[in-house]
Enquirer: 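Structure below; questions to follow.
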Amino acid sequence: MECFKVPPESPADHAPRRPWLSIVGIGEDGVAGLGEKARLAIASAEVVFGGRRHLQLAEPLIKGQAQAWPSPFDASMKGLLALRGKPVCVLASGDPFFFGVGVTLSRQVAPDEFVAFPAPSAFSLAASRLGWALQEVETLSLHGRPDDLIRPLLHPGRRLLVLTSDGTGPAAVAELLCGLGFERSAITVLEALGGPGERIRAHTALGFPFSDIHDLNLVAVEVKARADARILPLTVGLDDDLFEHDGQITKREIRAVTLSALAPRRGELLWDIGAGSGSIGIEWMLADPSMRAIAFEADPVRAERALRNAQAFGVPGLRIVQGKAPEVLADPEKPDAIFIGGGGSAPGVLDAAVEQLKPLGRLVANAVTSEMEAVLLAAQARLGGSLVRLQVSRLGDVGTMHGWRSAMPVTQWIWTKPGENR
């Protein structure tokens with residue numbers, strides 16, 4: 001057997017580039033809190049980028065041109081990248097790689113092109129002020145993001161550190177907590193941490209009194225719940241009553257089995273075809289913050305309802321596509337998994353799903369009608385996979401006594417598309 005020989009590499013193949021970009025985390029204490037190397041990076045830069053507040057904090061060290069970020073912020077960093085090769089410095093709040101601009105930069109600039117000097121993040125400073133073990137705390141940034149993202153984290157006894165967008169953020173968090181049955185939760189507002197204007201105040205969510213809050217703030221929440229609070233358990237198969245629906249919903253027991261068959265993995269994209277209330281896509285996204293889903297729904301009323309459910313479950317990133325399959329199944333990003341819950345018996349829907357699915361992707365389809373079951377039986381005969389018959393019975397009233405009432409049986413087809421590991 002002849003072995004494949006790897007061609008020799010020239011020394012230049014792995015020669016590191018000289019960093020031209022410095023990323024400096026700066027706190028509210030300004031230049032006083034910076035180390036020697038961070039100070040030198042600012043002072044030696046031809047151009048220093050940052051927010052207006054950052055530039056003011058670092059002003060004593062800036063010798064080159066101070067350039068404030070454009071509004072709206074340009075995530076492609078065109079202005080900065082045009083200076084590639086010149087000594088450039090970017091200022092950021094605290095740790096640039098924890099909900100910071102460093103994450104955006106790293107998508108545009110290779111690691112050997114920059115050097116970073118992080119400062120303590122707002123979360124680290126808050127934990128140190130409160131004496132909380134940071135590894136045991138849920139951290140979340142609501143900076144420029146929907147407040148609904150906090151909903152899945154609201155479990156009794158848990159501690160949250162939440163970065164807000166501005167001085168109105170803490171009151172909005174308090175209002176959300178009160179509306180969900182968590183009004184007894186303790187809220188601590190930590191403002192301008194590390195600077196001369198640092199201030200820390202506490203109150204319950206109910207009757208939250210503070211309005212003169214610094215725009216740079218973080219909210220610490222110690223969660224306390226009423227008996228009827230809206231708590232989202234860490235499991236699949238959530239109670240049907242938590243969803244707004246018109247009966248077109250994959251019932252909790254079938255939903256739990258369906259999500260198990262879909263086998264979510266971090267960072268994956270799901271297509272939910274015939275989404276109805278959106279319950280499958282919502283629970284897929286609740287599995288991990290990295291999960292994404294697109295819900296395809298032909299009925300405009302149900303599409304709007306699915307959007308409301310996504311907001312109510314704290315996954316506002318669920319994308320709703322209103323239209324009839326298979327015509328709407330043309331998204332440029334191929335899915336890692338597909339669920340077909342409604343409309344699957346229409347001509348071309350299953351074939352389109354099979355075609356669009358990534359290699360080694362999982363497809364799960366449920367049938368309650370004989371027409372859809374016939375589609376799945378034919379698909380299994382042609383493509384393989386497994387078929388399962390599911391049926392649930394619930395105790396109900398029979399006159400003055402009780403008996404079991406069987407729901408319609410569900411035939412489930414589970415298939416993995418052939419292909420290579422990616």
Side-chain angles (χ1 to χ4, degrees), residues 236-237 250 253-298 306 310 315 317-390 409-422:
V236 294
T250 304
E253 298 86 356
I254 304 300
R255 194 182 328 123
V257 174
T258 298
L259 285 156
S260 174
L262 286 168
R265 302 170 187 173
R266 286 182 174 86
E268 289 190 325
L269 172 66
L270 169 76
W271 282 11
D272 182 0
I273 302 173
S277 66
S279 62
I280 293 291
I282 287 168
E283 291 209 34
W284 170 277
M285 292 184 68
L286 284 173
D288 189 81
S290 66
M291 308 302 285
R292 298 171 297 138
I294 302 175
F296 299 92
E297 174 54 51
V315 288
L318 176 67
R319 183 176 155 204
I320 309 294
V321 175
Q322 196 266 306
K324 189 175 181 181
E327 290 80 9
V328 294
L329 304 180
D331 195 89
E333 185 175 5
K334 306 300 183 186
D336 302 281
I338 294 178
F339 172 64
I340 303 177
S345 59
V349 172
L350 187 62
D351 289 342
V354 168
E355 174 65 24
Q356 295 287 352
L357 188 64
K358 282 182 180 179
L360 295 182
R362 290 91 61 202
L363 192 155
V364 178
N366 289 354
V368 293
T369 66
S370 57
E371 289 81 4
M372 182 59 180
E373 185 175 81
V375 171
L376 298 188
L377 288 169
Q380 195 275 337
R382 177 167 54 96
L383 299 173
S386 62
L387 284 168
V388 180
R389 175 67 66 87
L390 306 169
V410 175
T411 300
Q412 184 175 89
W413 180 50
I414 306 168
W415 177 70
T416 299
K417 188 172 184 175
E420 299 293 329
N421 283 318
R422 54 188 188 278

Enquirer: Hey, are the side chains of Asp336 and Arg265 touching, using non-hydrogen atoms and a 4.5 Å cut-off?
Expert: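 No, every pair of side-chain atoms sits at 4.5 Å or beyond.
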Enquirer: Working to the nearest 0.5 Å, report the span between CD1 of Ile340 and CG of Leu376.
Expert: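 One gets 8.0 Å once the value is rounded to the nearest 0.5 Å.
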Enquirer: Please step through side-chain contact (heavy atoms from CB on, under 4.5 Å) for the pair Gln412 and Val364, ending with a clear verdict.
Expert: CA-CA 7 Å; Gln412 184 175 89; Val364 178; 3.8 Å; yes
Enquirer: Output the distance between atom CG (Leu262) and atom CD (Glu283), rounded to the nearest 0.5 Å.
Expert: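 With rounding to 0.5 Å, CG (Leu262) is 11.0 Å from CD (Glu283).
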Enquirer: Closest approach of Ala325 and Ile273, non-hydrogen atoms and distance?
Expert: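 Taking every non-hydrogen atom into account, CB-CG2, 4.0 Å.
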Enquirer: Has Trp271 got a side-chain atom pairing as donor or acceptor with Lys334's backbone, closer than 3.5 angstrom?
Expert: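 The answer is no, because no donor-acceptor pair under 3.5 Å joins these two groups.
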Enquirer: Do you know the tightest heavy-atom contact between Ala353 and Leu363?
Expert: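 For Ala353 and Leu363, the tightest heavy-atom pair comes out as CB-CD1, 3.9 Å.
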Enquirer: Determine yes or no for a side-chain-to-main-chain donor-acceptor pair under 3.5 angstrom, with Ser345 supplying the side chain and Met372 the backbone.
Expert: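 No; zero donor-acceptor contacts below 3.5 Å.
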Enquirer: Above 12 or not: heavy atoms from other molecules or residues under 6.0 Å from NZ of Lys324?
Expert: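 12 or below, so no.
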Enquirer: Please assess Thr258 against Asn366 for the test side chain to side chain donor-acceptor pair (under 3.5 Å), listing each intermediate value before the final yes or no.
Expert: CA-CA 8 Å; Thr258 298; Asn366 289 354; 3.1 Å; yes
Enquirer: Measure the spacing between CG of Leu259 and CZ of Phe339 and express it to the nearest 0.5 Å.
Expert: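 Nearest 0.5 Å value for the CG-CZ distance: 8.5 Å.
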Enquirer: Please report the shortest heavy-atom distance between Ser290 and Asp288, naming the atom on each side.
Expert: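 Scanning both residues completely, I find the closest heavy atoms to be OG-OD2, 2.6 Å.
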Enquirer: Which is it for Trp284 and Asp272 under the side-chain contact (heavy atoms from CB on, under 4.5 Å) test, yes or no, and what are the steps along the way?
Expert: CA-CA 10 Å; Trp284 170 277; Asp272 182 0; over 6 Å; no
Enquirer: Can we say Glu268 and Arg362 salt-bridge, meaning some charged N sits less than 4.0 Å from an Asp/Glu carboxylate O?
Expert: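 Between Arg362 and Glu268 there is a salt bridge, with a charged N closer than 4.0 Å to a carboxylate O.
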Enquirer: If I compare all heavy atoms of Pro326 with all of Ala352, which pair ends up nearest, and what's the gap?
Expert: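 Closest approach of Pro326 to Ala352, heavy atoms only: CB-CB, 3.9 Å.
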Enquirer: Could you grab the distance from atom CG of Leu329 to atom CD1 of Ile294, nearest 0.5 Å is fine?
Expert: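 Here the rounded value is 10.0 Å.
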Enquirer: Test side-chain contact (heavy atoms from CB on, under 4.5 Å) on Leu269 and Glu333; report intermediate values, then the result.
Expert: CA-CA 9 Å; Leu269 172 66; Glu333 185 175 5; 3.9 Å; yes
Enquirer: Heavy atoms, side chains only, cut-off 4.5 Å: are Val349 and Phe296 in contact?
Expert: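 Counting from C-beta outward, Val349 and Phe296 never come under 4.5 Å.
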Enquirer: Should we say atom CD of Glu327 is surrounded by more than 12 heavy atoms from elsewhere, each under 6.0 Å from it?
Expert: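 Counting neighbours around CD of Glu327, more than 12 heavy atoms of other residues, nucleotides or ligands fall under 6.0 Å, so yes.
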Enquirer: With salt bridge (Lys or Arg N to Asp or Glu O under 4.0 Å) as the rule and sequence neighbours excluded, what pairs involving residues 273-282 come up?
Expert: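 Every pair satisfying salt bridge (Lys or Arg N to Asp or Glu O under 4.0 Å) with a residue in residues 273-282: there are none.
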Enquirer: What are the two closest non-hydrogen atoms of Pro359 and Gly419, and how far apart are they?
Expert: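 Closest approach of Pro359 to Gly419, heavy atoms only: CB-CA, 3.9 Å.
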Enquirer: Roughly how far, to the nearest 0.5 Å, is the OG1 atom of Thr411 from the CG atom of Leu387?
Expert: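 Reported value, rounded in 0.5 Å steps: 7.5 Å.
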Enquirer: Would you give the length of the straight line joining atom CG of Leu360 to atom OG1 of Thr416, rounded to the nearest 0.5 angstrom?
Expert: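 So the CG of Leu360 and the OG1 of Thr416 are separated by 7.5 Å.
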Enquirer: Considering all heavy atoms of both residues, which atom of Met291 and which atom of Pro264 are nearest to each other, and what is their separation?
Expert: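 Minimum heavy-atom separation between Met291 and Pro264: CE-CB, 3.6 Å.
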Enquirer: Show, in sequence, the C-alpha distance, side-chain angles and deciding distance for Val388 and Val257, and conclude whether the side-chain contact (heavy atoms from CB on, under 4.5 Å) test is met.
Expert: CA-CA 10 Å; Val388 180; Val257 174; 6.0 Å; no
Enquirer: Are the side chain of Glu297 and the backbone of Gln322 linked by a donor-acceptor contact shorter than 3.5 Å?
Expert: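 No.
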